[in-house]
Amino acid sequence: MKKNLYISFLTVVLLSVIIIACTKKKDNGAITPTYKEAAGGTAGNPNVGNQTVTGTNTVTNPATSNSQLIAGGSGWLNSACVTSSSLSVKGTNGTSNVTITFGTILPPGSTTLQVASTPIGNSACSVVVDNAPNQPSGITWYGKSGTVIVQTNSTGINAQCIGVQCAQQNFNFPTVSVSGSVSCQ
């Protein structure tokens, strides 16, 4: 009899532990997601016309198609350089500007530079285009890839763009392809 009483008592205790362990506990201090119908208040943004703190501004790209810019030649004005030790050259045609900046004073002769976001020594230069033709005005385009071959002599600098691709700072597409040359004399 004692044995049956002991087994019954042990069974009741074991069932009690299982029931207590399986019971969900409510935490009234926690924020939990719920359905709109069960939530209090308006269940929406109280300022419908304004974004919430956790919202983000949607940035739209004003440019919609690729274009090409051929620098130099008829109609282009190039900046004057005092000596061949200038760190940049700039070409202008109407409102379009192409500026090529070098990382160091280039030696006389020919130097091949890769286009990068920041000019680095005599291995990389930066290309910046303002108001590219066939693009919305007021946009600045930054060189992402390509090559610039620079010819330097005692009277000036000539920078020839080959396969230069420029994009906006916040958008990789569309692009502006830059070819031709920018110089200073």
Side-chain angles (χ1 to χ4, degrees), residues 31 33 36 42-82 84-106 110-152 156-185:
I31 298 174
K36 179 179 176 181
T42 62
N45 184 354
N47 298 315
V48 178
N50 296 327
Q51 293 179 343
T52 61
V53 176
T54 58
T56 59
N57 287 329
T58 303
V59 180
T60 57
N61 189 348
T64 57
S65 61
N66 295 337
S67 65
Q68 184 175 7
L69 182 145
I70 301 172
S74 178
W76 281 85
L77 301 172
N78 292 306
S79 60
C81 50
V82 178
S84 60
S85 61
S86 293
L87 290 176
S88 68
V89 292
K90 181 178 182 179
T92 302
N93 185 354
T95 60
S96 298
N97 298 311
V98 176
T99 305
I100 301 172
T101 305
F102 313 113
T104 187
I105 297 171
L106 298 175
S110 180
T111 306
T112 300
L113 304 171
Q114 295 304 309
V115 174
S117 58
T118 304
I120 303 170
N122 61 354
S123 63
C125 65
S126 67
V127 177
V128 176
V129 177
D130 292 313
N131 298 317
N134 301 318
Q135 295 293 346
S137 63
I139 298 178
T140 300
W141 302 82
Y142 300 92
K144 300 291 183 184
S145 63
T147 304
V148 176
I149 299 174
V150 182
Q151 297 290 333
T152 307
I157 300 170
N158 183 34
Q160 178 76 32
C161 297
I162 301 172
V164 175
Q165 294 293 317
C166 299
Q168 298 171 66
Q169 192 165 17
N170 296 324
F171 303 103
N172 289 328
F173 298 101
T175 60
V176 171
S177 300
V178 180
S179 60
S181 63
V182 179
S183 61
C184 68
Q185 303 294 335

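Taken to the nearest 0.5 Å, the OG1 atom of T112 stands 10.5 Å off from the CG atom of N122. Distance check, rounded to the nearest 0.5 Å: CD of Q169 to CD1 of I139 gives 12.5 Å. If you take CG on N97 and OG1 on T95, they are separated by 7.5 Å, rounding to the nearest 0.5 Å. Annotation: the span from S179 atom OG to L69 atom CG amounts to 7.5 Å, rounded to 0.5 Å.
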task: Give the C-alpha distance, both sets of side-chain angles, the deciding distance and a yes or no for side-chain contact (heavy atoms from CB on, under 4.5 Å) between C184 and N78.
output: CA-CA 6 Å; C184 68; N78 292 306; 5.6 Å; no
- request: Quick one: do I149 and S110 satisfy side-chain contact (heavy atoms from CB on, under 4.5 Å)? Show the steps, please.
  value: CA-CA 7 Å; I149 299 174; S110 180; 3.7 Å; yes
- request: Could you check F102 against V89 for side-chain contact (heavy atoms from CB on, under 4.5 Å), going step by step and ending with a plain yes or no?
  value: CA-CA 9 Å; F102 313 113; V89 292; 4.3 Å; yes
message: Between T111 and T152, does the side-chain contact (heavy atoms from CB on, under 4.5 Å) criterion hold? Intermediate values first, please.
response: CA-CA 8 Å; T111 306; T152 307; 5.5 Å; no
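A pairwise comparison of heavy atoms in L113 and A124 identifies CD2-N, 3.9 Å as the closest pair. Listed here is the closest heavy atom pair of C161 and V178: CB-O, 3.8 Å. Between A63 and W141, the closest heavy-atom pair is CB-CH2, 3.8 Å. Looking at every heavy atom in both residues, Q160 comes nearest to S181 through OE1-CB, 3.5 Å. Summarising the geometry of I157 relative to S86, their closest heavy-atom pair is CD1-O, 3.7 Å, with the distance given to 0.1 Å. In terms of heavy atoms, G103 sits closest to P119 at N-CB, 3.4 Å.
Counted within 6.0 Å of CZ on F171, heavy atoms from surrounding residues, nucleotides or ligands total more than 12; the atom is thus considered enclosed.
A donor and an acceptor atom, one from each side chain of S137 and N131, are nowhere located under 3.5 Å apart. No hydrogens or angles considered: nothing links the side chains of T140 and Q168 as a donor-acceptor pair under 3.5 Å.
Within the 4.5 Å cutoff, side-chain heavy atoms of I105 are placed close to those of L87.
Under the 3.5 Å distance criterion, the side-chain polar atoms of N66 are left unmatched by any main-chain donor or acceptor of S177.
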